[in-house]
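Quick note: residue numbers are just sequence positions, from 1. Counting starts at 1 for both ligands and their atoms, following the listed order.
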Amino acid sequence: MPTSNGLPAETIHVCGERASRPSDNGPDRRAEDVRPPRAFACRIISCMAAQPEPSLILSFEAARHLVEDHAAHLRPRGKELVELLEAAGQVLAEPIFADRNFPPFARAMRDGYAVLAADLSHLPANLEVIGEIKAGARTEDLPAVKAGQAAAIMTGAPAPPGADAVVMVEYTSRNSDRVQITRPVSAGDNIASPASEAKRGEKLLSPGERLDFAAIAVAASVGRSRLLVYSKPKVAILATGDEIVDVDVPPAPTQIRNSNSYSLAAQVQAAGAEPVLLPIAPDEPERLRELIADGLESDLLLLAGGVSMGKYDLVEQVLAELQAEFFFTGAQIQPGKPIVFGRIPCGRGRPAAELPASGPAYIYFFGLPGNPVSTMVTFELFARPILQALAGMPPSKLVFLSAQLRSEIKTKTGLKRFLPAVLFGEFEQAEVELTTWHGSGDIASMIRSNCYVVISPDRERIAAGEWVPVLMR
Ligand code: AMP
Ligand code: MG
């Protein structure tokens, strides 16, 4: 049973009936209604084996926190040196220091005139122009500015000795070697003093930061053409289902093309990891077990489909046979209620001779419901923190925005809902409206949406105009 911090209290071996499992398609039913009891090799449950197995269906918040807690203990596998641009989107594995002061010299922040602020106490002031300073001008070529004088200066140029401010060109009028100034300035105005942004030797980036465009700019500005990054985690993706065929195979009338492997791969890539697509697993334990074993060679295993209530939803059974620990086997959410999260001791499913000498003790897995919308949503809601941790980043929290609901929503209580929606509006007026959708299989509804409206389990009706939480995609 998960402890209060969400981590497993202990592992015990029990043989017992399967706990009630949620279905992605209909109301909850007891699993024993539809199939015979099945033995579980290893589950994280309370130490009272004689008691019925506790439900592992958690509230959304409890399930999410549990994933975050596990993620907090995961570390990336390795590091590599890559070219600066290749590092974009990856996670930094070394600290980056300022190799010089930023700015390295007193830098003009505006086009205008370098002056002594004290000369502008009586306006308009009329000053002698003693020269012009371009960006890149050498220190030894800079004219010294004295009282009653000014130097024309361009943005990015070094401020000349003597001057303590730059007055913007907009407040000046030039007449040959004289300039008239109509606005006062204070000492320091429009000049960035040396080291005001960062001092030489100061740490600018830390290991664990994802290298976005701003971080790439910082690395470039300190002269780093190559960066040490954490190796991208490999994420095995295993779609299951007898009816599923791959994209190139012409589907028979009752077959469905595999879209989950590809949506997941795209999500994995966008999260900065490397997808490893496995062949589609049939609803047959032997082959499923082989493919799961292959998936355990990656850093994380994502299974799609086969975790619901159907007679041929075999994923959990096979995982259990591989000594899986299940941290939850459902969450009170829609879509995606049958989501499964757990881990398998490393090397399970592979011959002992092939076991790695070192490396992690466990491979984590998610069993995502196969309905395409459920697969996409549950990845976003649960898989991301584990991926971030394996990629070397601190796992992030989910952040909800707020928007005003355009049309009333009526729903049922009991589940936290993440409904595909469109966020629109202009300026500060954020509005949101649900997209029409026909359930968790409706891929097209996801194309029309750019966010999810989040509805708490106790709400039956939300009036138009109410502010609702929104999760961006
Ligand atoms: P399951 O979770 O296996 O019960 O599947 C639920 C629904 O999702 C079924 O209608 C499946 O045909 C569909 N489905 C399962 N896997 C995939 C997949 N890889 N691509 C597209 N649809 C899928
Ligand atoms: Mg299936």
Seminar exercise, completed: Contacts of Asp242 meeting side chain to side chain donor-acceptor pair (under 3.5 Å) (sequence neighbours excluded), chain-then-number -> none
Problem set entry | Residue-ligand contact Ala304/ligand 1, heavy atom below 4.0 Å | no
Problem set entry | Min heavy-atom dist Pro372 to ligand 1 below 4.0 Å | yes
Seminar exercise, completed: Value for CG (Asn450) from CE (Met446), rounded to nearest 0.5 Å, stands at 10.5 Å
Problem set entry | Contact partition for Ile244 relative to ligand 1, non-hydrogen atoms under 4.0 Å | side chain
Problem set entry | Proximal atoms of ligand 1 relative to Glu243 (non-hydrogen, under 4.0 Å) | 9 (C), 11 (C), 12 (O)
For this session: For Arg257, counting its heavy atoms only, list the atoms of ligand 1 lying under 4.0 Å from any of them.
Result: 20 (N), 21 (C)
Problem set entry | Leu277 side, atom CG; Leu238 side, atom CG - distance, nearest 0.5 Å | 9.5 Å
Exercise. Hey, does Gly306 sit under 4.0 Å from ligand 1 if you only count heavy atoms?
Worked result: yes
Exercise. For Arg459 and Thr413, what are the C-alpha separation, side-chain angles and deciding distance, and is it a side-chain contact (heavy atoms from CB on, under 4.5 Å)?
Worked result: CA-CA 6 Å; Arg459 295 298 302 270; Thr413 56; over 6 Å; no
For this session: For atom 4 (O) of ligand 1, state which one of Asp313, Asn371, Asp246 supplies the nearest heavy atom.
Result: Asp313
Problem set entry | Geometric N/O contact Ser261 with ligand 1, under 3.5 angstrom | no
For this session: Kindly confirm or rule out an N or O of Asn258 lying under 3.5 angstrom from an N or O of ligand 1.
Result: yes
Problem set entry | For Phe60 against Ile333, the heavy-atom pair lying closest together | CB-CG2, 3.6 Å
Problem set entry | Within residues 216-228 or reaching into it, pairs that qualify as salt bridge (charged side-chain N to carboxylate O under 4.0 Å, His left out) - sequence neighbours excluded | Glu94-Arg224
Seminar exercise, completed: In short, Phe326 meets Leu56 closest at the heavy-atom pair O-CD1, 3.9 Å
Exercise. Counting heavy atoms only, which part of Ala239 comes closer than 4.0 Å to ligand 1: side chain, backbone, both or neither?
Worked result: side chain
Exercise. Between Arg384 (side chain) and Phe379 (backbone), is there a donor-acceptor pair under 3.5 Å?
Worked result: no
For this session: Give the numbers and elements of all ligand 1 atoms closer than 4.0 Å to a heavy atom of Ile256.
Result: 21 (C), 22 (N)
